[in-house]
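Heads up, the thing below is written out as structure tokens.
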Number of protein chains: 2
Amino acid sequence: MASIKDVAREAGVSVATVSRVCNDSGVVSDSTRKHVLDIAAKLGYSPHAAARSLITSRTSTLGVLLPDLYGEFFSEVIRGIDRTVQASGYHLLVSRSHGDDREIVAAFRAMRGRVDGLLVMSPDLDARNAVTSLRDHFPVVLLNCPAEQDQHDSIVIANYEGASEAMRHLVDRGHRRIAMITGLARNYDSDERLRAFRDITRQAGIAAPDAIEVGGDFTEASGFRAGQAILDASPRPTAVFAANDSMAIGALSALGAGGLRVPEDISVVGFDDIPMARYMNPPLTTVHVDISTLGVRATERLLEHVRDGNGVTRQRELVPAHLVVRSSSGNPAA
Amino acid sequence: MASIKDVAREAGVSVATVSRVCNDSGVVSDSTRKHVLDIAAKLGYSPHAAARSLITSRTSTLGVLLPDLYGEFFSEVIRGIDRTVQASGYHLLVSRSHGDDREIVAAFRAMRGRVDGLLVMSPDLDARNAVTSLRDHFPVVLLNCPAEQDQHDSIVIANYEGASEAMRHLVDRGHRRIAMITGLARNYDSDERLRAFRDITRQAGIAAPDAIEVGGDFTEASGFRAGQAILDASPRPTAVFAANDSMAIGALSALGAGGLRVPEDISVVGFDDIPMARYMNPPLTTVHVDISTLGVRATERLLEHVRDGNGVTRQRELVPAHLVVRSSSGNPAA
DNA sequence: TTGTATGCGTTATCAC
DNA sequence: GTGATAACGCATACAA
């Protein structure tokens, strides 16, 4: 593979000149510039990224640490991240971690010399310490993580607000027996949405067994199982609030298979508004989140840090979440 | 950030010894090894990836070039890739390209010095030349690309076989008016699935206007629009074969909104078997593809190349695709 | 068993 | 305008 030396020799100039041409730095005469460019093209030369970043101490790469790459939600987040990263001329290094401290620390170490900054998406409540202790090494932006205000730079979904809106919608429609399908245990998003469920039901004077919580893990399969459990519950709820759309869709399927009509017999509300939600049968009432914006904003914030150093203030940014009423929710049966 | 020099100085040894300890190479006495390890831990030292790859000329990173990061299909592919990459101690650099030659070439260049090998997923039929001309720089494995047998290393879905099975299923059930919702134009997957549609309909003696093709682009929205067009078609088809599940789901929605019952009035068959397919209402009959395996196998093949050099033979590998009959397909109405 | 010295490909600081 | 040359952090051949 051709190096800067090859180009210099072939063009009859020094490596310094070739470097200047490639980086538009310093002053080079038009004629030599053109000549060097020609030779470089002929040799198919492209600078060696590792060598360059060794001397400049910049990699032009951003890292992203994800809990798992599953389903449309993450797909959309990555989409937003990728779009922004690419538009800024950066590269994207993705890594998955199960979320525990040890693994996050290991991932951080492995990133050294590979990235200029890191996007961490770890809704696991245990991971905070790892992030805090290692933040000194390079800029970090937290994405949908449980973080104290101003402690870290972070972008989070308005989980509580969105879930509250969804729950109020159900209560306002007259529902008095409501089930919640929760997400993974010790997960920030899930906990916040559950907190709203509890607050709103309490405010409405609804208590167990009229307010029940069924455990899920954000997958369609767990939503399906939860739906089956709700079918068997007595008294049977007239409405279901799922912590995300995938589970709502799984529940929709189980409820339908059990002979219930949605929304006539039972209402179902999800969270996220993944692209597929509106195409469900019936179209899913859900809390809309501009998911890719989550990725876009996080990346923009990280780029600010990477470029402007530590001059950027730390703050917590909220991505709004609003209820979109479609056909899967209605009034409870008389 | 602590470098190897800092560790060496602090430990009172040479950088060579520190290097040997870190890489388990050469022979180091147990006592100094332990000592060096302690100091390294104390200083929070981790080797600088760029510096290391400059001297070893290996990056421990694989690149993946994708057409777009949209929907569950890509999500699953990346999932498979990531799992394999990570299990092998490699990193993953993702990049998106719109698929045209120029952009692919640019992406290749930018990858120089960043990756040891590249996974290219570009179903666009125009991109072949770019890949061929740049393959010399590092190992490349094509993922679901139109490639001549033995010309490149590639993994492809058994598009034609799977689509044929789906079409035969419909014909065997007695359908004589069938619509196909195609994918993006000039897309390999779409073209192969369409080829099966045309072959099977021809073999069954079905011709226009009983065999119609409606244009889509793999999104739910395009499937929805196609579904509306099919509602208005006359004679109206009794079955629909969509080039992927997302479009099938969109069509399901449009057909239902138009008052048609599935499968009583019209059958719908998809392709991919994304996780959500079985939770549709009705559950979607579709061609199952072990999507993440596509990513896993491609990554394994690429790793073979990266590790064993050019000793690995080039070949085309097929990922099987088989029909899964659920409830969205049945016999045509009398 | 350990240390010294060289070079990987690039940019940056000087001279000229 | 251009060319030497020193660094960047590390691995390794060779010397001790």
Side-chain angles (χ1 to χ4, degrees), chain A residues 1-37 39-40 43-61 89 91 109-116 137-138, chain B residues 1-37 39-40 43-61 89 91 109-116 137-138:
Chain A
M1 176 104 48
S3 84
I4 197 170
K5 275 185 186 169
D6 301 317
V7 178
R9 184 170 0 90
E10 187 77 9
V13 298
S14 72
V15 293
T17 299
V18 177
S19 177
R20 280 189 276 255
V21 168
C22 290
N23 297 291
D24 280 325
S25 69
V27 207
V28 184
S29 77
D30 273 358
S31 60
T32 54
R33 158 182 302 277
K34 196 181 200 64
H35 180 55
V36 167
L37 249 27
I39 300 292
L43 266 47
Y45 167 72
S46 49
H48 193 283
R52 172 180 275 175
S53 68
L54 188 54
I55 185 74
T56 60
S57 68
R58 295 184 314 109
T59 61
S60 296
T61 301
H91 291 258
R109 306 183 78 83
M111 294 272 186
R112 140 111 151 126
R114 295 181 184 278
V115 302
D116 296 333
H137 294 338
F138 35 59
Chain B
M1 176 109 43
S3 84
I4 195 171
K5 272 185 188 169
D6 301 317
V7 179
R9 183 168 1 90
E10 187 78 9
V13 298
S14 71
V15 292
T17 299
V18 178
S19 176
R20 280 189 277 255
V21 169
C22 291
N23 299 292
D24 279 326
S25 70
V27 207
V28 183
S29 78
D30 274 358
S31 61
T32 55
R33 156 181 306 277
K34 196 182 204 64
H35 179 56
V36 168
L37 249 26
I39 300 292
L43 267 47
Y45 167 71
S46 50
H48 192 282
R52 173 180 274 174
S53 68
L54 189 55
I55 185 77
T56 61
S57 68
R58 293 184 317 107
T59 62
S60 296
T61 302
H91 291 257
R109 305 184 79 84
M111 293 271 186
R112 142 114 149 124
R114 295 180 183 278
V115 302
D116 295 334
H137 294 337
F138 35 58

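Computed from a prediction, not measured in an experiment: that's the story for all the values here.
Proximity of residues 2-10 of chain B to DNA chain C (heavy atom under 4.0 angstrom from any strand atom) is not detected for any residue. For the segment residues 24-31 of chain A, no residue has any heavy atom less than 4.0 angstrom from an atom of DNA chain C.
Of all heavy-atom pairs between B:A2 and A:R112, the closest is O-NH2, 2.8 Å.
Residue A:S19 places at least one side-chain N or O under 4.0 Å from the OP1 or OP2 atom of C:dT11. Put simply, B:S53 has no side-chain N or O that comes within less than 4.0 Å of OP1 or OP2 on C:dC8.
Among the protein residues, B:T17 comes within range of the sugar-phosphate backbone only, with heavy atoms under 4.0 Å from sugar or phosphate atoms but none that close to a base.
Among residues at least two apart or in separate chains, side chain to side chain donor-acceptor pair (under 3.5 Å) pairs with a member in residues 43-58 of chain A are A:N23-A:R52.
Here chain A contacts DNA chain D (any atom closer than 4.0 Å to a heavy atom, that is under 4.0 Å), and the contacts span D:dG1 to D:dC10 from 5' to 3'.
Of the candidate nucleotides C:dT10, C:dA5, C:dG9, C:dA5 has the atom nearest to the side chain of B:V15.
One interatomic measurement links the two molecules: CG of A:N23 to C1' of C:dT10, which rounds to 9 Å at whole-angstrom precision. Taking atom OH on A:Y45 and atom C1' on C:dG9, their separation rounds to 7 Å, with Å as the unit. For the pair A:R52 CZ and C:dA12 C1', the interatomic distance rounds to 13 Å; values are reported in whole Å. Rounding to whole angstrom units, CZ of residue B:R114 and C1' of C:dT10 are separated by 13 Å.
Residues meeting the side-chain hydrogen bond (donor to acceptor under 3.5 Å, both in side chains) test with B:T32, sequence neighbours left out: B:S29.
Residue order along DNA chain C, read from the 5' end via each residue's closest nucleotide, puts B:R33 first among A:S46 and B:R33.
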Can you check nucleotides 13-16 of chain C for protein contacts, nitrogen or oxygen pairs under 3.5 Å, and list what you find?
none

